Amino acid sequence: MPSAVYASTSGAAEATAYLALEDFLHASVKGLWEAFWGQDETLPFYVSCVYNSNLRFYQAEKAISKGKLGGLCATAVMLKNPRHPQGKWDDILELAILRSDIGNLCTVENDCKPCLSILGEALFFALRVLVARSISRSNIPLSLNSVFVLLVDTQYGGVLKLEGDVSKLEMDLNDVYGCAAEWIKNNALITISPIDRIWNKLGNANWGDVGALQALYATFHSITQYAGMSKNSIEDLAADHSARLQARRIERQLGDSWVNGNGLFRYQQRSASPEIVEVHEESFRLEPDKSMNLEIGSVVLIEDSNWKKDYQINEVLTDGEIPYYIASSVEDPGTTSFLYVGSHPSLLEPAWEDMKLWYQVQRQTKVLGVMKQKELSSKYLPQLDASGRIIHPGQCRRPSSGGNCDRQWCGTPVLMTSPVGRTVADLVRLGHFGSDEAIRCCHDCLAALSAAASVGIRHGDIRPENVVFVNSGVRQPYFVLVGWGHAILEERDRPAMNLHFSSTYALQEGKLCSASDAESLVYMLYFSSGSNMPNLDSVEGALQWRETSWSKRLIQQKLGDISAVLKAFADYVDSLCGTPYPMNFDIWLTRLKRHIPDDDHGKQIDTSS
């Protein structure tokens, strides 16, 4: 569903809204039918749109392609009718009216109900359905004396229910609407739910929220009117679901701490089958093994495409979620590298951890390899030292038919990069990230982004844990932008999602615009310079915080306390957010460089007018 706040009001957005509403209704009716009436039963319903000039029914996609978008006035869940495949009004189970600003026009004084014009339109639609049922030649149950109408915009929605005996409708052909209004006033029972959110700002339905549940409940009762009481009750489904979860926990021993320290499960090769089947097997225990954790002093043998070397673990670090290491060659202890260790190929880890390790090792290896292939060189970018796997001395017991050796760590993918240093997160925690570091960090990260952008690569995951401060063995300290596992190489790639550091466009669209990385850099500098991190628990909350902070200039003011150039840079980024205009890296690198302290001569002075 297109966002009412961030999407345009163009015809394309309106067309997308009708398609999204059609999808929402189809997903609702299909899911309810399969859950409560049985998956073996063929779905007897479909979704179609009502065209106002002739009140006929069209699929939204077909209506849009024929240029009838402006004439669509409602969407209906309908009963399949083989005799009238084009649809009839007495086939309607439920109606949905899509209008703009339903959520904005409702007021607290009105108990969060829709405005009267929308209610009136919904009532006449519902009455038309009741009249069509009353004169229908189809075998319609007499109990069908009520109609549910969903009132929605692109974010909010509510439900109207009209119930009454249309046999009491006194019809005067000279005053049709007047007669209908009299019947509604005197013989109808009208129930209206409060307006509540259905879709979030990313366009996804919040199925567990009140707004979506109201719509689902109305659809459930609409189906019940035609299909009778469901085979399964809500209570039965809930009990079965809990039982299934408990059985799964028991089978896989998820709740036992002795499974292992890392949440790992042994993968067992089974006979090849194209189908997913439930396998009942004997349970087993994977005893915890301390050797599964690399510790300070551990030595690992790493095999690259051209060599094998022993490396010793000097430090164990973490990016806040998963570990990585600083290691040095046993032959050359003075040379250190970051060592990233992936998942052992014979172990199945929890999905979230496994994917994070994959991005940290395999995906980052690919990105750094592309940089190296394109001869991209910058001291502000990490250098690919080695990419290979961990092996062990002696003969490997890998089966001849393929598979993995059963020795600890054998075959685990690794990545080694340099230079090494402390992250910005470490500097902030130690109180070592001052104004000079903030300006230098902004310059160096922009230099890294500029170099990567020159070959069409964007970072997509800028945060304090992914910026390293290098001050050992160099004349002037500098920052290196690391953590390129979520980098954007092509259109289909998606950035990491971080409620505090992702750009507004990334949270809205799941993609990066030209200024997205710079916007994330601004957030990192803002939070790393002493600003309190808000408690963000949803994308909507994160977007609202960004909108408020930029509109009230809180970010610019905070960075202005550090340096005027950072405040100006934040203003520049704000002007580019969400636009297709490219970043001008050169001008900001030049301006920032003038404010970077020089160890030999102090801060450079700008003498130009």
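Here the structure is a predicted model, which is why all the values come from computation and not from measurement.
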Are [X] and [Y] close enough that some pair of their side-chain heavy atoms sits under 4.5 Å apart?
X      : Y      : value
Pro495 : His486 : no
Leu19  : Glu61  : yes
Thr365 : Leu368 : no
Lys161 : Val149 : no
Ile198 : Gln155 : no

**OP:** Compute whether any side-chain donor of one residue and acceptor of the other, for Glu22 and Tyr18, lie under 3.5 angstrom apart.
**Re:** no
Subject >> Test item: side-chain donor near acceptor, Tyr51 and Arg56, under 3.5 Å >> reply: no
Kindly compute the distance separating [atom1] ([X]) from [atom2] ([Y]), expressed to the nearest 0.5 Å.
X      : Y      : atom1 : atom2 : answer
Glu182 : Glu170 : CD    : CD    : 9.0 Å
Leu449 : His459 : CG    : NE2   : 7.5 Å
Leu119 : Leu162 : CG    : CG    : 11.5 Å
Ser551 : Leu554 : OG    : CG    : 7.5 Å
Ile488 : Asp517 : CD1   : CG    : 8.5 Å
Ser575 : Trp550 : OG    : CH2   : 9.5 Å

Subject >> Leu512 backbone acceptor or donor facing Ser516 side chain under 3.5 Å >> reply: no
**OP:** Using atom types as modelled and distance alone, determine if a side-chain donor or acceptor of Asn200 lies under 3.5 Å from a backbone N or O of Gly203.
**Re:** yes
Original post:
Could you walk me through whether Trp484 and Tyr359 pass the ring-ring contact (aromatic ring centres under 6.0 Å, His included) check?
Top reply: CA-CA 8 Å; Trp484 289 83; Tyr359 276 109; over 10 Å; no
Original post:
By salt bridge (Lys or Arg N to Asp or Glu O under 4.0 Å), which residues pair with Lys62, not counting sequence neighbours?
Top reply: none
Original post:
Given Ile192 and Val159, is the side-chain contact (heavy atoms from CB on, under 4.5 Å) satisfied, shown in steps?
Top reply: CA-CA 6 Å; Ile192 308 168; Val159 180; over 6 Å; no
Original post:
Is there any ring-ring contact (aromatic ring centres under 6.0 Å, His included) pair reaching into residues 72-96, and which pairs are they, with sequence neighbours excluded?
Top reply: Phe57-Trp89
Original post:
Given the rule in the salt bridge (charged side-chain N to carboxylate O under 4.0 Å, His left out) test, do Arg458 and Asp493 qualify, once you have shown the distances and angles that lead to the verdict?
Top reply: CA-CA 10 Å; Arg458 293 174 181 169; Asp493 294 335; over 6 Å; no
Original post:
Of the options Ile462, Val573, Ile555, which is the one that meets Glu519 in a side-chain contact (heavy atoms from CB on, under 4.5 Å)?
Top reply: Val573
**OP:** Could you please spell out the steps behind the ring-ring contact (aromatic ring centres under 6.0 Å, His included) verdict for Phe24 and Trp199?
**Re:** CA-CA 10 Å; Phe24 174 80; Trp199 292 276; 5.1 Å; yes
